[in-house]
Amino acid sequence: MLNRSIKIHKFQKAMSFSNSSSSSLSLIIPHASHVDPQELSIIRRLDSCKSTRELKQVHSYIIKTKPTLQTQLIYTKFISICATSYNHTDLSYVNAIFTQVSNPSISVYNAIIRCFSRCKNSNDSFTALLFYRELLVKGLVPDNYTYPFVLKACAQSRALSEGQEVHGHVVKNGLVLDLYVMNTLMRMYAVCGVIGAVRKLFDEYPQRDLVSWTTLIQGYVKMGFWKEGVKVFFEMCEANLRADEMTMVVVLSACANLGDLILGRRIHGYMRDHNMNFDVFVGNALVDMYLKCGDADLARKVFNEMPVKNVVSWNSMISGLAQQGEFKEALNMFRKMQSRGVKPDDVTIVGVLNSCSNLGMLELGKWVHAYVDRNHIKADGYIGNALVDMYAKCGNIDEAFKVFNGMKCRDVYTYTAIIVGLAMHGQGGRALDLFSEMPKMGIEPDSVTYVGVLMACSHTGLVSEGRKHFSQMSRVYNLEPQTEHYGCMVDLLGRAGLINEAEEFIKNMPIEPDAFVWGALLGACKIHGKVELAEIVMDKLVKMEPERDGAYILMSNIYSSANKWRDAIKLRKALKEKNTKKTPGCSSIELDGVVHEFRKGDKSHQKTKAIYILLGEITDSSWPVRDEQDLLEMSKSSRSLLLSSIHLAEAGGLVV
DNA sequence: TTAGGGTTAG
């Protein structure tokens with residue numbers, strides 16, 4: 001409030017200064033009721049200007065040679081052109097023009113409010129509201145053009161109370177039946193999340209057009225009521241209104257969030273049936289929809305067929321593939337993007353770092369970090385968090401802390417990234433220290449932070465600490481534990497040998513235990529050799545996920561550890577006969593910026609032959625052929641790294 | 001001179 005009054009004060013000061021200076025420039029004639037030929041010729045010249053620079057040249061020409069043409073009409077034209085014609089609006093120039101107009105009419109105010117409301121920056125939108133307030137103070141009456149601009153500014157700066165005030169003015173001025181005013185009012189409420197008000201306006205308004213329907217759909221979609229949004233779209237079709245591309249982008253976003261591929265394809269079909277123009281916005285929305293619905297092939301097809309792509313198209317593919325777990329593909333997409341000369345933006349960087357974290361690609365992650373530094377991109381917010389996450393997940397805790405400490409604004413995501421990273425790399429104590437720092441910083445943990453905290457306790461054997469945190473999450477932070485949290489607790493108790501307690505814990509769970517929870521108990525059975533209990537748990541897991549082979553393999557390992565070889569062999573045989581779906585686990589290693597992936601039975605690696613020979617060196621005392629060309633080509637370090645990967649694969653129950 | 005569109009984290 002104080003800030004605003006200072007702004008108004010500053011602004012009024014500027015205005016009084018401009019009034020006196022404009023009088024020294026003299027000769028601003030009052031608003032012309034008709035356009036004279038000289039004005040018309042200037043307006044034509046202004047229309048042909050290609051930049052603010054050219055505009056300024058015309059401006060100085062008028063001041064020097066045609067001072068009588070410094071009319072409200074001409075100045076309104078100057079401001080309007082600045083607002084609509086160029087990519088970047090020079091707001092200080094627009095302001096300077098405005099201050100040269102004495103007694104600006106409502107048209108001049110409309111033009112300047114429009115100019116400031118077009119900017120995405122909420123400060124500029126706020127300035128637009130200050131102009132609006134000023135025109136009211138001067139006793140001017142807003143018209144049907146003023147309100148759409150003012151309401152847009154309210155929406156942009158999420159200024160709901162100001163928007164409601166403007167709504168009152170609309171009613172008072174009798175403009176409630178203006179379609180543009182109504183639609184922007186609806187949009188203002190939609191952006192501010194007041195979906196009830198959007199619906200009320202829509203229901204009460206007699207003349208809805210496509211924009212009204214689209215705004216209502218978007219209101220629902222923005223609030224996460226995706227099904228409702230789609231329902232409104234079908235109601236709109238029943239009302240015989242033909243949707244356009246903008247409507248489809250919003251509907252596709254609802255399908256994406258619903259993850260409903262059948263619905264998404266139906267909408268795509270609707271667009272084809274209605275011969276819609278597949279512009280870059282529609283293409284991006286389709287790519288996003290297909291990826292969020294899990295169909296990467298169709299997403300790729302749409303992407304490849306897009307005649308025009310922009311950075312958002314690439315970002316949608318990169319982040320969407322990563323969401324599908326196709327991290328390697330996401331990085332390939334990034335490489336392709338670079339080879340096409342498309343400049344990455346913040347979203348690209350976050351997507352790439354996310355893939356690096358999941359693949360353990362520290363080298364590429366470092367390269368992205370260097371890119372961020374080189375381009376003076378602030379490593380705060382999304383990017384800072386993604387960097388912390390990448391370093392922490394890749395095990396470079398020192399670098400993770402360097403980024404973490406260098407961040408000005410840390411939030412729950414920053415803390416969670418480093419807590420999870422520390423917990424994953426066996427530094428539970430440090431993870432818990434950071435967790436205890438959060439309340440002091442005024443940051444509340446969320447559900448994922450608690451997964452990290454419980455993991456930290458589990459890996460450090462801190463049973464009572466874990467119990468304390470588990471009970472605190474609902475008691476203090478009102479976070480209902482999910483199966484992941486119960487699984488962590490079972491893991492914690494199980495690892496500590498408290499098997500009976502872990503069993504009891506599962507029995508008393510208020511939600512149905514899933515495979516994650518039972519899997520944790522089976523893991524505990526393996527550590528502590530509880531064969532009989534393991535058999536019961538395995539039965540449950542097999543019933544839950546008959547298509548998975550994880551439980552069989554773990555059980556077979558439990559039998560082997562207990563020297564029950566016959567049972568182990570019997571189980572492996574049963575597994576083979578059942579033809580179960582193999583757990584798609586894989587191990588990967590980054591070597592000279594390239595990720596090598598290893599899956600069970602997968603022989604697609606270029607150097608498979610050499611790897612098998614080296615594997616033979618380890619498993620067989622009789623040495624295989626030494627003069628294998630591939631083997632000789634591999635450097636010593638490559639060999640040891642690839643072998644580490646093989647070990648990793650084996651540790652996960654997989655054989656290369 | 002007026003309104004509605006796509007991508008980002010643990």
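Each chain gets a letter, A, B and so on, in the order the sequences are listed, and its residues count up from 1. Everything quoted here is computed from the prediction, not taken from an experiment. Side chains are part of it too, since the values below use all heavy atoms of this structure and drop only hydrogens, waters and symmetry mates.
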In whole angstroms, the gap separating P of B:dG4 from CZ of A:Arg118 amounts to 10 Å
Looking only at B:dT8, B:dT2, B:dG5, the nucleotide nearest the A:Lys292 side chain is B:dT8
Worksheet item: Does any donor-acceptor pair link the side chain of A:Thr214 with the base of B:dG5 at a separation under 3.5 Å?
Response: no
Q. Do A:Asn354 side-chain and B:dG10 base share a donor-acceptor contact under 3.5 Å?
A. no
Applying a 4.0 Å non-hydrogen cut-off, can you work out what A:Asp288 is touching in the nucleic acid: base, sugar-phosphate, or nothing?
sugar-phosphate
Residues of residues 178-193 of chain A with a heavy atom under 4.0 Å from any atom of DNA chain B, listed by number, are A:Tyr180, A:Asn183, A:Thr184, A:Arg187
Original post:
Across the strands shown, which category fits A:Val388 at heavy-atom distances under 4.0 angstrom: base, sugar-phosphate, nothing?
Top reply: nothing
Q. If you look at every strand shown and take non-hydrogen atoms under 4.0 Å, does A:Asn385 touch a base, only sugar-phosphate, or nothing?
A. base
query = Is it true that A:Arg199 and A:Glu204 have a side-chain N and a carboxylate O under 4.0 angstrom from each other?
reply = no
query = Which part of the nucleic acid does A:Val412 contact within heavy-atom distance under 4.0 Å: base, sugar-phosphate only, or nothing?
reply = base
Stacked pair A:Tyr413-B:dA9, distance under 5.5 Å, angle under 30°: yes
Inset, instruction - Give one of base, sugar-phosphate or nothing for A:Ser357, where a contact means two heavy atoms less than 4.0 Å apart. - result: nothing
- Assert yes or no for the condition that the ring centre distance of A:His59 to A:Tyr75 is strictly below 6.0 Å. yes
Give A:Ser80 one of three labels, base, sugar-phosphate or nothing, depending on what nucleic acid heavy atoms sit under 4.0 Å from its own. nothing
Side chains of A:Asp297 and A:Tyr290: does their closest heavy-atom pair fall under 4.5 Å?
no
Side-chain atoms of A:Val211 come closest, of B:dT7, B:dG4, B:dT2, to B:dG4
In whole angstroms, the gap separating C1' of B:dA3 from CH2 of A:Trp213 amounts to 17 Å
Quick one: is A:Gln323 getting a side-chain N or O under 4.0 Å of the B:dA9 phosphate, OP1 or OP2? yes
Taking 5.5 Å and 30° as the limits, would you call A:Tyr145 and the base of B:dT2 a stacked pair? no
task = Would you indicate what A:Thr76 reaches in the nucleic acid, counting non-hydrogen atoms under 4.0 angstrom: base, sugar-phosphate, or nothing?
result = nothing
Ring pair (Phe, Tyr, Trp, His ring centres under 6.0 Å) between A:Phe404 and A:Tyr391, worked out
CA-CA 10 Å; A:Phe404 181 89; A:Tyr391 280 123; over 10 Å; no
Atom CD1 of A:Ile217 and atom C1' of B:dG4 are separated, to the nearest Å, by 10 Å
Whole-Å distance, A:Asp411 CG to B:dA9 P, equals 13 Å
Quiz item: So do the side chains of A:Phe233 and A:Val250 get within less than 4.5 Å of each other, counting heavy atoms only?
Solution: no
Discussion item. Please determine whether a side-chain nitrogen or oxygen atom of A:Lys152 lies at a distance below 4.0 Å from atom OP1 or OP2 of B:dT1.
Written reply: no
So A:Arg272 and A:Phe278, do their side chains get closer than 4.5 Å, heavy atoms only? yes
Side-chain atoms of A:Asn144 come closest, of B:dA3, B:dG5, B:dT2, to B:dT2
Counting the atoms with a prime plus P, OP1 and OP2 as sugar-phosphate, which does A:Lys393 contact under 4.0 Å by heavy atoms, base, sugar-phosphate, or nothing?
sugar-phosphate
Reckon A:Asp244 touches a base, only the sugar-phosphate, or nothing at all at heavy-atom distances under 4.0 Å?
base
Side-chain atoms of A:Gln218 come closest, of B:dT2, B:dG5, B:dT8, to B:dG5
Rounded to whole Å, the CD1-C1' distance (A:Ile349 to B:dA9) equals 14 Å
Of B:dG10, B:dA3, B:dT7, the nucleotide closest to the side chain of A:Asn358 is B:dG10
* **Check: A:Phe435 ring centre within less than 6.0 Å of A:Tyr415 ring centre** => no
So what does A:Lys222 touch, heavy atoms closer than 4.0 Å: a base, only the sugar-phosphate, or nothing? nothing
Atom CE of A:Met306 and atom C1' of B:dG5 are separated, to the nearest Å, by 13 Å
Counting the atoms with a prime plus P, OP1 and OP2 as sugar-phosphate, which does A:Leu210 contact under 4.0 Å by heavy atoms, base, sugar-phosphate, or nothing?
base
note: A:Ile81, atom CD1; B:dT1, atom P; distance rounded to Å ~ 11 Å
Here the distance between atom C1' of B:dG4 and atom CG of A:Leu241, to the nearest Å, is 13 Å
Is any side-chain heavy atom of A:Leu263 closer than 4.5 Å to one of A:Val230? yes
Could you check whether the rings of A:Phe116 and A:Phe131 sit parallel, tilted or perpendicular, using 30° and 60° as the cut-offs? tilted
